[in-house]
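Just so it is clear, the structure is predicted and the values come from calculations on it, not from any experiment. FYI, side chains are in, hydrogens and waters are out, and symmetry mates aren't considered; it's all heavy atoms of this structure. In the text below, chain A, chain B and the rest are named by the order of the sequence lines, each starting its count at 1.
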Amino acid sequence: MAETTDASVSGRESDVATSLSSVSPHTLCSSVGGPLSPAEARLWRPPAQRNLRNQWSKLASCRQQWASSSSGGRSHATSLVNAYLSQRYMPSMDLGVLKDMADIRKKACQKLFRQQELYQSKLTSSYQDMITALVNMITAWRSMRCYLKGGTSSPLIRFSYIAEDKSDNGDGSGTPVFTFLSIPCFENLAEELVEMFKSELFVKRLIVFELSCAGHEASYIKDLNWSNELYSGEFNDLAFCNLYSSKTHELLPPKMKGCRCDMPSEKHCSQLTQETLQVYVTAWLAEVNIDMHRSYVLLQSPTDFKSSTLCRVREIFSIVGEEMHVNFS
Amino acid sequence: MQQLLRPGSLPPLLASEINYSHFADHIRNRHCSCFRWAMEGIVRKYQQKFKRVREEMDRWEELQARLLSQYRNASSIIERLQVIQEAKNYGILSSVDGIGDAVVGKQMDSLLMILLSLNKIMEEFHGIVMSLKKIHRDSRQLVKGGSTQLTVKQLQQRLGVKPSLQDCLDGLMLLHDMHNSEYLLKSSIISALPTVVSRPSSTDLGSLQQLLVDQPNIPKEDVEFIFDIIFAEDMC
């Protein structure tokens, strides 16, 4: 069994001890803040690389997790909408020979309503899974640095993924970790990803909220409030994602690129038309905030379309994957 | 008798009877055992070719399934384009500025991808048509390219329940023609799709889809009839 690779994949080790007789801890620390000497870089690189590989493979798996929750959510939303619309159309539905059965419409509506509630709870749990994916993404994004551990007092040069010394910002002073990219570059790419998913989460929340009031009594809708939790603990998660302020108890809509997002006014939502519901489901499916930058080159050269369909998310993962020789797709 | 031997109109009954009488002619005229041996060899080669045609047709079916599912995806996007282009349909989402354009843009992207993949599927259909054409052309070489030119009579010669060479040739030609016409029909429907985008009509999309499903140029019974003649001995 290869222990070294095992450790680098699992990432359970929080710090890595390395000793080298030629470089004393003192010389390493004295230059913190300045560029690393070749010897220092040689010591710092392996743990930093290991950490980055771990964090990025976490990001990749979060992305998969998001995608599967999102597609599950879409099918729940579609079923919910269908159940709701069937109830609405029940009075005008032609039931043929069944129309003489007592209370048949009423019973059918009750059953459809129960179905609708079932799909609604499934939709909420898909939404919850998406938040979990986002929370994990943000955690990975914030854990990309690699710090020197123990300062000068320790005879061993050790590294940690938790900051101990304020003068050490853990980025290896901008040294390329693998070939070209420094830690801040990796962080920027991760942040770009996180921002896309944050904006998308907000859109999803609007849709979940709207669909949860579809077909309910007016009294129930009055109690429903945009600034109530959709599931218990939601605001803790949203606060972690900077989408909720625990001080002012308000949701903070993310800034979309070139877009403004108002807080929705406390509108009644009982008047959902079929078209609006269709738009909701389409908007859920479209994930407008993710992969926003699909190139339109393919219009001009349809033959060349494989190379030009790279969307931003895939592009980010391929840049990173190429740098660290890992295939994320 | 001649009339009965014309392929296509050939009824399966009495076939053996007719063959034997023709065969008898040859016993009189030729060194027949050698001839019979050669004929059987050619027929076996033809049957191999029909097996290859069958494989191509199985691939056609796979493509057909992919084509239909992509076509359905395309038409559902086209159908909802109008709805998602109207700002009044956005409900609570209108509080997100620019979402309408983004949703429409995304859907157009997906549509474009679907159209591209439909075009690729059409290319694969074309590949099948070309390979059917090649099989037919090669099969003509089997009887016409050799040093011995076969007479019409020999082409129509039937040995037992085995098909005549003419049956084989005509079958291959028919199968190629059917698939070629169907390919042309499909490709005109698919190339019309982008123009439907500008003025969508769900009835148009629906009836075009039905046409794709039906494949009117490849009548199933006729195809099976051809294969039944060629592989008659396997059914006995």
Colleague: Without swapping roles, check the side chain of B:K106 against the backbone of A:A286 for a donor-acceptor pair under 3.5 Å.
Modeller: yes

Colleague: Atom OG1 of A:T273 and atom CG of B:N89: how far apart are they, to the nearest 0.5 Å?
Modeller: 5.5 Å

Colleague: Quick one: side-chain hydrogen bond (donor to acceptor under 3.5 Å, both in side chains) pairs with a partner in residues 217-231 of chain B, sequence neighbours left out?
Modeller: B:R54-B:E224, B:E182-B:N217

Colleague: Working to the nearest 0.5 Å, report the span between CD1 of B:I92 and CG of A:L272.
Modeller: 9.0 Å

Colleague: Return all side-chain donor-acceptor pairs below 3.5 angstrom for residues 126-134 of chain B, not counting sequence neighbours, or 'none' if the list is empty.
Modeller:
residue: B:S131; atom: OG; partner: B:E56; partner atom: OE1; Å: 3.4
residue: B:S131; atom: OG; partner: B:E56; partner atom: OE2; Å: 3.1
residue: B:K134; atom: NZ; partner: B:D138; partner atom: OD2; Å: 3.0

Colleague: Can you list the steps and then say if A:L285 with B:Q107 is a side-chain contact (heavy atoms from CB on, under 4.5 Å)?
Modeller: CA-CA 9 Å; A:L285 167 82; B:Q107 289 283 284; 4.0 Å; yes

Colleague: What distance do B:R80 atom CZ and A:E275 atom CD have between them, rounded to the nearest 0.5 Å?
Modeller: 13.5 Å

Colleague: Counting heavy-atom pairs under 4.5 Å to chain A, which of B:V103, B:I77, B:V83 comes out on top?
Modeller: B:V83

Colleague: What is the minimum heavy-atom distance between A:Y280 and B:Y90, and which atoms define it?
Modeller: CE2-O, 3.4 Å

